[in-house]
Amino acid sequence: MKIQFDPNLDYQQEAIKSITDIFEGQEICNSNFSVPSFDTQGLMQNETELGYGNKLHLLDDELLENLNKIQLRNGLEHSKKIVGKDFTVEMETGTGKTYVYLKSIFEMHRLYGFTKFIIVVPSIAIKEGVLKSLQITEEHFRAMYQNTPYDYFTYNSANLEQVRSFATNDYIQIMVINIDAFRRSFSDPSKETKANIIHRTNDKLSGYRPIEFIQSTNPVVIIDEPQSVDTTSKSKEAIESLNPLCTIRYSATHREKLHMVYKLDPVDAYNKQLVKQIEVAEFKVEDGNNKAYIKLVSVDNKKSPITAKVEIDVMKSGSVSRKKLTVKQGDDLFDRSGGRDIYSGYIINDIYCEEGAEYIDFTSKPDIVELGLSIGGVDEDERKRLQIRKTIEEHLEKELRLTKQGIKVLSLFFIDKVANYRWYDEEGNAQKGKYALVFEEEYNKLIKKPKYRTLFEDVDVDSIAEQVHNGYFSIDKKGKVKDTSGKTQGDEDTYSLIMKEKEKLLSLDNKLKFIFSHSALREGWDNPNIFQICTLNESNSVIKKRQEIGRGLRLCVNQEGERVFGFDTNTLTVMANESYEAFAKQLQKEIEDDTGIKFGLIEEHTFANLVTTDTEGEEAYLGLEHSENLWKHLYEQKYIDERGKVQDSLKMALKADSVTLPEGYETVSPQIVSLLKKVAGNLNIKDASKKRAVTLNKEVYLSEEFTELWNRIKYKTTYRVKFDEATLVEACAKEIQKHLVVGKSRFQYTKAGIDITQGGVAADVVEESSFVYDPKDFTLPDIVTYLQNETNLTRRAIVDILTKSGKLQQFKNNPQKFIEQTMGMIQRTMRYFVVDGIKYEKIGNESYYAQEIFAEQELAGYLNQNLEESKKGVYDYVIYDSDVEKNFAISFEDNSAVKVYAKLPGFFKIDTPLGSYNPDWAVVIEKDDIERLYFVVETKSSLFTDALRPTEQAKIDCGLAHFDALGDEVQFIKATKMGDVEDVVYG
């Protein structure tokens, strides 16, 4: 099977033309020079041979004019002058960068006669990848360019004859060289042995250095991944030592952008569906708080005392949640966790801050927690089993859809310890590691499902599991697989093997579908049919998200080797080791850091390449000057800030289709608005122009009516309760018996689709499922003591409740969840229980809410969303929480009997056994123009007690008891509409 290449893809053609047009006006020519001739023994002869090199006739001004035309066409920032002949092409991973620069070589030869090209790479993996690309495109390019002769080779210091041939051949020569092969030069002859061989004089060359042959050719230098090539001054000097005609830099993640000529960034590639769609799947544990979980997040010794930030499970308000806390030596995690028994003895002892060896330990426990690691979490082998299972399941689901289209589905597992996949016994025999065993177990279970039956019709399902997976690892001298760094000579053979078997793996006849490889070899994997990536690392090393997804971004190929386009076919699923939200957030940050994309930012050249029509009816680009004028206008309209950051005012204008543009841009306004919408991103925001500060209505606030109202309701109360303990025990036991269900801990699987736009990176959930997690390695806590402390009931009462409930056997399923739910039910029953016997008393005339607090409140809201204008209220606007409240505010304003009213603010609270209660309204109504009546009104959608939540109704009952205690001058009523209030007023 051979991968086919389409020479007519628009975006690749644009990238190639962006390079060749730099030299527009250059005549076909080359330079000649003399090269020493050698005999068969490699000794120099008297006669010389002719060498051939590149030659550039264009002046810098001519190059700059060409460059600016290209930049205008591609909507890029204009270069002001030519500073060095370095040109930059940015192409997202997986969009055919290598193909583009290889075809550019042939185009530069066809148009301008250039023959000498050097491809500089940063690593063994990329060198092998480029060599593979040269091999698999050879037939393609020879056919396209009428068998134009060309040679390609990878530089080898043991074969310097290739360098000589590079200089003397008069047809296309392509040298692939690792930067490490010529980075170490020298200026001191006494230190010559420290230089690379390419820089050393050679006896067989009669004192010539190999680099001199290269320099004479004035080569076009192509740098693959320059951010990893010329990162130091020495590397830059090494590139200059090649004496390049020009340097063309190709990458998805440039650090230096020198004369940008073409840009296909992650947003463009994703929107044009030139790469796979991305899904991110996560596993998180729910209700798994039965062990002392401690994670060391960071340490800090910059000031005294030394501190550490740890993550632990904290009990608060009856439930456990994971919190980050700052601790110092001597801090007791039992206290910091809210008194959870499982943290007893975890007192911080040593906080060690030496870089690379950071840890904390404890006075009474043997555990040591290193930076970034944790104890007391879930069993990682269990988590990895689920990751493997879901990877297989995703793989099989895609096989059901894609195999019939002739598309082979591949899945890639990265591990950081080879022994987890393959190890050797004492006799040196290879044995399956734990991941290999788990894979086969899970694969055998899944393929027995009837829905996958069509995938295995002619297959022995009892033995197939062993045949569908294999490992690609580096080999030691004894022929055994080994852990590696990815940069050794031994890794070169592994990369070569990966590349050689690229097409083999794409064939449906090949049974291998699941590949395990060392994470250090990640850079070498570049197969278009990878649809799942799962990282099973055990170390704390951080893998960049773009690096992680980059191995599977390429569009897949079918059995004819043809690319298949479209997100409906091309979806990459990544089994992440963090939440999908964190993955998306980090991916956006990396895109910003790596590419310089400014999400939500409009730049001065943003509109330059919009196509318009000139005075003669010809199509032309809008141009940089007009683009700068538009940017200035947007800034003056306060649509963007001084950095070009999109403001909410622009989003609202776009949402309302009311963006104002300067005169003269009518013909391109749809394109301008379309581009603005792409950059602005999500338009679902609140209209800042509708935001209003809510201010005091002093006429009402200082009125006699409001003062009299406030003086009647402002006093605070306290309450006492009386209940029978035996009856309470029975009630609690029945509540637990009826409602308590304590399941085991669960892994929650969530899969989210990633969307990349100019507004940013977002994630939306597309699938959720749960898996039981049943660990037994935890200690049962003292539930009786804990419940006694939290409820203030006697130990005997607690024991009676638990035993009479009949649910105590569920305690072992999930102790922490059992405690939380039981405690909640007991406390809730107690609260409902005591409301029946509650009695409120006024604390005294000195304990009350001061009227002045109204003047101290800072309030704001949005018109048409939660604000209603008010004339009779204590503020000029009423902030409402529901339509019922909004309708009441309107009724109060319209009803002539209502003199003043107030939406009671959040600070006005009544204590109840069920928590604080904040009534809705205080209102003064004048009956028959004579008698003033004072009400506190609770508005609800229903007057029926059964329709309200028990807690809601109990709080209302407490409110009634509170106002009864203040006297009979204020009535507390419940209402759904103004008519319910009038019923009370007029009887």
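Looking at residues two or more places apart in sequence or on another chain, you find a side chain to side chain contact (heavy atoms under 4.5 Å, CB included) between Val564 and Ile407, Cys556, Asn558, Thr569. For Phe153, there are no ring pair (Phe, Tyr, Trp, His ring centres under 6.0 Å) partners two or more places apart in sequence or in a different chain. Shown here are the salt bridge (charged side-chain N to carboxylate O under 4.0 Å, His left out) partners of Arg401, two or more places apart in sequence or in another chain: there are none. For Lys404, there are no salt bridge (charged side-chain N to carboxylate O under 4.0 Å, His left out) partners, not counting sequence neighbours.
In summary, the side chains of Asp224 and Tyr101 do present a donor paired with an acceptor at a separation below 3.5 Å, with no hydrogens or angles considered. A side-chain donor from one of Arg422 and Asn470 sits under 3.5 Å from a side-chain acceptor of the other. Remark: the Thr573 side chain and the Lys398 side chain contain an N/O donor-acceptor pair separated by less than 3.5 Å. Using modelled atom types, one finds a donor on one side chain and an acceptor on the other under 3.5 Å when comparing Thr253 with Gln227. Side chains of Gln467 and Lys513: no donor on one and acceptor on the other come within 3.5 Å. Side-chain atoms of Tyr452 and Glu397 form a donor-acceptor pair, as typed in the model, at a separation below 3.5 Å.
At a threshold of 4.5 Å between non-hydrogen side-chain atoms, the residues Glu311 and Ile294 do not count as touching. When side chains are defined from C-beta on, Met575 counts as touching Glu394, because their heavy atoms get closer than 4.5 Å. In this structure the side chain of Lys408 reaches within 4.5 angstrom of the side chain of Gln559, judged on heavy atoms. Using a 4.5 Å heavy-atom threshold, the side chains of Val121 and Ile177 count as separate. When side chains are defined from C-beta on, Glu225 counts as touching Lys97, because their heavy atoms get closer than 4.5 Å. Considering only heavy atoms from C-beta on, Ile388 stays 4.5 Å or farther from Arg385 through its side chain. Between Glu382 and Phe283 the shortest side-chain heavy-atom distance does not fall below 4.5 Å. Taking the side chain as every heavy atom from C-beta outward, Tyr262 and Ile16 never approach each other to under 4.5 Å.
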Quiz item: Given the rule in the side-chain contact (heavy atoms from CB on, under 4.5 Å) test, do Val409 and Asn529 qualify, once you have shown the distances and angles that lead to the verdict?
Solution: CA-CA 6 Å; Val409 178; Asn529 284 27; over 6 Å; no
Exercise. For His469 and Tyr443, run ring pair (Phe, Tyr, Trp, His ring centres under 6.0 Å): C-alpha distance rounded to whole Å, both residues' side-chain angles, the deciding distance at 0.1 Å, then the answer.
Key: CA-CA 10 Å; His469 71 101; Tyr443 190 80; 8.5 Å; no
Quiz prompt | Trace of the side-chain contact (heavy atoms from CB on, under 4.5 Å) decision for Val89 with Arg249 | solution = CA-CA 6 Å; Val89 174; Arg249 307 154 63 84; over 6 Å; no
Exercise. Apply side-chain contact (heavy atoms from CB on, under 4.5 Å) to the pair Leu9 and Tyr99, showing each step before the final yes or no.
Key: CA-CA 11 Å; Leu9 294 176; Tyr99 178 86; over 6 Å; no
Exercise. Would you sort out whether Tyr435 and Phe413 count as a ring pair (Phe, Tyr, Trp, His ring centres under 6.0 Å), showing the intermediate values?
Key: CA-CA 10 Å; Tyr435 293 156; Phe413 294 94; 8.6 Å; no
Quiz item: Run the salt bridge (Lys or Arg N to Asp or Glu O under 4.0 Å) check on Glu139 and Arg142 step by step: do they pass?
Solution: CA-CA 5 Å; Glu139 184 178 326; Arg142 291 197 188 280; over 6 Å; no
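Ion pairing between a basic and an acidic side chain is recognised when a charged N comes within 4.0 Å of a carboxylate O; Lys263 and Glu92 show no such pairing. Taking the charged nitrogens against the carboxylate oxygens, Lys390 and Glu767 do have a contact shorter than 4.0 Å, which makes a salt bridge. No salt bridge links Arg563 with Asp6; every basic N to acidic carboxylate O contact stays at or beyond 4.0 Å. Lys585 and Glu581 are not joined by a salt bridge, as no carboxylate oxygen comes within less than 4.0 angstrom of a charged side-chain nitrogen. Ion pairing between Lys2 and Glu562 fails under the 4.0 Å rule for side-chain N and carboxylate O.
Annotation: cation-pi geometry satisfied between Arg322 and Tyr293 (NZ/CZ under 6.0 angstrom from ring centroid, within 45° of ring axis). Cation-pi geometry between Lys276 and Phe531 is satisfied (NZ or CZ under 6.0 Å from the ring centre, within 45° of the ring normal).
Here the options are Asp764, Val761, Leu572, Val574, the test is side-chain contact (heavy atoms from CB on, under 4.5 Å), and the partner is Ile754; only Val761 passes. Each of Ile119, Val176, Leu102 was checked for a side-chain contact (heavy atoms from CB on, under 4.5 Å) with Ser133, and the lone residue meeting it is Leu102.
Aromatic ring centres of Phe141 and Tyr152: separated by at least 6.0 Å.
Judged as a ring pair (Phe, Tyr, Trp, His ring centres under 6.0 Å), the pairs with a partner in residues 384-406 (not counting sequence neighbours) are, in order, His395-Phe514. The stretch residues 458-471 participates, sequence neighbours left out, in these salt bridge (Lys or Arg N to Asp or Glu O under 4.0 Å) pairs: Lys432-Glu466.
How far SG of Cys534 is from CZ of Phe516: 8.0 Å, rounded to the nearest 0.5 Å.
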